[in-house]
**Student:** 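Below is the structure I would like to discuss, written out as C-alpha cells.
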Amino acid sequence: MTEEYDILHVKNLKVDFSTYGGTVQAVRNISFGINKGECLALVGESGCGKSVSAHSILRIVPEPPGQVSGEILFKGNDLTQLSEKQMLKIRGAEISMIFQDPMTYLNPTMRIGTQVTEIFKEHAPKRISGTELKRLCIDAFDMVGITDPEQRFRQYPYEFSGGMRQRALIAMALINKPSLIIADEPTTALDVTIQSQMLELMKTLQRETKTALILITHDLGVVAKMAHRVAIIYAGKIVETAPATDIYRNPRHPYTIGLLNSIPSVSKSSKEPLYSIKGTPPDLFNPPKGCGFAPRCEFAMDICDNYPPPDFQIDEGHHSACWLLHHQAPTNNLKTSVLSREGINP
Ligand code: SF4
C-alpha cells in the first residue's frame with residue numbers, strides 16, 4: 001500500500017509477547033492509516049490483534065514481555081522513537097482512548113468531575129483556576145449529553161448508570177480536543193438501546209470536531225453505522241481493507257464474507273440456525289506458514305497452506321490478501337457465497 005495519511009500511519013507493525021510457553025506473534029506485520037475527520041474500523045474476532053495494535057499506538061504495551069517493532073507515524077513523528085516523557089504529553093492530549101468497560105478505567109473512589117478535570121490539568125500549558133476547570137468539565141458534560149451536569153460533577157462513578165459512565169469517558173477523551181481517538185469496543189458493555197445512543201453521539205461529535213477515530217470492534221453492525229473505512233484483521237494480519245460501502249457490497253476475502261454472513265438478519269426465520277465460521281483461529285505461538293485462515297476456509301487451495309497470500313488491489317482503497325484474487329486462480333463461487341444481509345446500511 002502506498003497511501004499517505006495526515007494523522008496516523010502505522011507501517012509494518014509487529015508485536016510479540018514472550019511467555020514461558022514460547023513467543024506469541026500477536027500482530028504480524030500490519031500497516032494502516034487514518035486521515036483527519038475519518039473513522040477507521042479495525043474489525044476481527046477476540047485475540048486477532050486489534051486491541052494490541054491500538055495499545056501499541058499509545059505505547060501502553062508492557063515491554064517486556066511485549067516487543068513492538070515497526071513505525072507508528074503520528075503527524076509525521078515516529079512514536080516508537082519518543083521517550084516516555086514525550087509520550088506522556090501525547091497520551092490523553094493528542095491521542096485519547098475510550099475503553100470498553102468504564103468501571104475498570106474510572107477510579108471508583110474519586111468524583112467524576114475531579115477525574116475529568118485531572119486529564120485537562122495534566123496537559124494544560126499554564127495553571128488553571130478551579131472555577132475554570134469546573135466550567136470546562138460542565139461544558140464537556142453538556143457536549144456528551146450528561147444531564148444536570150452541575151450535580152453530576154460532584155458524583156462518584158457508582159452513582160452513574162452504565163451509559164452515563166461511558167458518556168463521562170467520552171467527555172474525558174474529548175476534553176483536550178485530541179487529533180485522534182481510539183475507541184476499543186466502546187459499546188460492547190452496554191445494552192442495545194444505550195449502544196445505539198452512544199454510537200449516534202460519537203458519530204455526531206466526530207463529525208463536528210473532525211477528530212480522526214479508530215473504532216475497534218468485532219461487530220460489523222456497529223461498523224455500518226460509523227466507519228468510512230474498514231480493516232479486517234485475522235490472526236494478527238490485515239486480510240482485507242476497503243471503504244465501508246465496499247466491504248458490505250463487494251467483500252473479497254472468505255473471512256470477511258464469513259463475518260458478514262454471521263450477522264443476524266431480520267428477514268431470516270427465527271428457526272433458522274445462525275451462521276458461524278467453523279473452526280477456531282490458529283495458534284499464534286506457531287502461526288501457519290501460509291494463509292492463517294486456510295484451516296477454516298472452504299476455498300483453500302494447496303498454495304494457501306504453504307505461501308502467505310500477497311495483497312491484491314481490487315479497487316481504489318480496496319485490498320485483500322487471498323490467493324483467489326490471483327489472475328490465474330481457478331474460478332470459484334466466492335461471490336455467490338455471500339448470504340443476504342438485510343438491515344445493514346453503511
Ligand atoms: Fe482461503 Fe486461500 Fe484465500 Fe486464505 S488465501 S482465504 S485459504 S482461498
Side-chain angles (χ1 to χ4, degrees), residues 1-2 12-15 24-32 40-50 52-53 216-220 223 227 229-263 274-341 344 346:
M1 274 186 280
T2 54
N12 307 316
L13 178 69
K14 285 172 84 176
V15 186
V24 183
Q25 298 176 39
V27 176
R28 303 188 292 145
N29 206 9
I30 68 171
S31 300
F32 59 92
L40 168 73
L42 300 183
V43 183
E45 290 165 285
S46 299
C48 70
K50 51 194 193 309
V52 175
S53 304
I216 296 170
T217 182
H218 61 273
D219 184 345
L220 276 166
V223 172
R229 283 189 302 116
V230 184
I232 307 284
I233 307 189
Y234 184 77
K237 288 194 173 203
I238 292 181
V239 296
E240 184 160 10
T241 177
T245 41
D246 283 15
I247 280 286
Y248 292 93
R249 290 184 194 146
N250 185 25
R252 297 304 293 273
H253 193 281
Y255 177 60
T256 311
I257 292 167
L259 286 180
L260 288 164
N261 287 339
S262 310
I263 300 173
L274 287 175
Y275 175 85
S276 68
I277 302 170
K278 290 185 186 67
T280 51
D283 176 6
L284 292 180
F285 278 108
N286 190 16
K289 193 160 61 146
C291 172
F293 192 57
R296 304 171 79 181
C297 180
E298 61 181 291
F299 303 100
M301 301 170 281
D302 286 345
I303 192 170
C304 304
D305 289 322
N306 294 298
Y307 293 96
D311 204 33
F312 293 96
Q313 175 156 12
I314 295 139
D315 227 325
E316 201 183 332
H318 190 172
H319 303 251
S320 177
C322 174
W323 281 117
L324 293 174
L325 297 165
H326 190 279
H327 65 283
Q328 287 171 318
T331 48
N332 56 76
N333 61 345
L334 182 68
K335 277 189 176 174
T336 54
S337 75
V338 181
L339 302 176
S340 58
R341 295 185 301 278
I344 303 288

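For ligands, and for the atoms within them, numbers begin at 1 and follow the listed sequence. In this text the structure is predicted, and so the values were computed from the model without any measurement.
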**Student:** Quick one: nearest non-hydrogen protein atom to atom 1 (Fe) of ligand 1, plus distance?
**Tutor:** Cys297 SG, 2.4 Å
**Student:** Looking at Phe285, I want to see if its CZ is surrounded by more than 12 non-hydrogen atoms of other residues, nucleotides or ligands under 6.0 Å.
**Tutor:** yes
**Student:** At what distance is the nearest protein heavy atom to atom 5 (S) of ligand 1, and which residue and atom is it?
**Tutor:** Trp323 N, 3.3 Å
**Student:** If every non-hydrogen atom of Ile277 is compared with every non-hydrogen atom of Arg296, which pair is closest and at what distance?
**Tutor:**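 For Ile277 and Arg296, the tightest heavy-atom pair comes out as O-NH2, 3.3 Å.
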**Student:** What residue and atom, counting heavy atoms only, is the protein's closest point to atom 2 (Fe) of ligand 1, and at what distance?
**Tutor:**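 Of the protein heavy atoms, Cys304 SG, 2.3 Å lies nearest.
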**Student:** Of the side chain and backbone of Cys291, name the one, both, or neither that has a heavy atom under 4.0 Å from an atom of ligand 1.
**Tutor:**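 Contact part for Cys291 vs ligand 1: side chain (C-beta onward).
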**Student:** Numbering the atoms of ligand 1 from 1, which are under 4.0 Å from a heavy atom of His253?
**Tutor:**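 Selected atoms, number and element: 6 (S).
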**Student:** May I ask you to check whether Cys322 brings an N, O or S atom to under 2.8 Å from atom 3 (Fe) of ligand 1?
**Tutor:** yes
**Student:** Give a yes or no on whether the backbone of Pro251 and the side-chain of Glu240 come within a donor-acceptor separation of less than 3.5 Å.
**Tutor:** no
**Student:** Quick one: which ligand 1 atoms are inside 4.0 Å of a heavy atom on Pro254?
**Tutor:** 6 (S)
**Student:** Which pair of heavy atoms, one from Leu284 and one from Gly47, lies closest together, and at what distance?
**Tutor:**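 Residues Leu284 and Gly47, closest heavy atoms: CD1-O, 4.0 Å.
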**Student:** Under 4.0 Å from a heavy atom of Leu324: which atoms of ligand 1 are those, numbered in the order shown and with their elements?
**Tutor:** 8 (S)
**Student:** What is the distance from atom SG of Cys48 to atom CD1 of Ile232, rounded to the nearest 0.5 Å?
**Tutor:**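 One gets 9.5 Å once the value is rounded to the nearest 0.5 Å.
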**Student:** Give the atom numbers and elements of ligand 1 that come within less than 4.0 Å of a heavy atom of Ala294.
**Tutor:**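 Heavy-atom distances to Ala294 below 4.0 Å select 7 (S).
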**Student:** Do the side chain of Ser31 and the main chain of Asn12 share a donor and acceptor less than 3.5 angstrom apart?
**Tutor:** yes
**Student:** Which heavy atom of Met301 sits nearest a heavy atom of Leu324, and at what distance?
**Tutor:**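 For Met301 and Leu324, the tightest heavy-atom pair comes out as CE-CD2, 3.8 Å.
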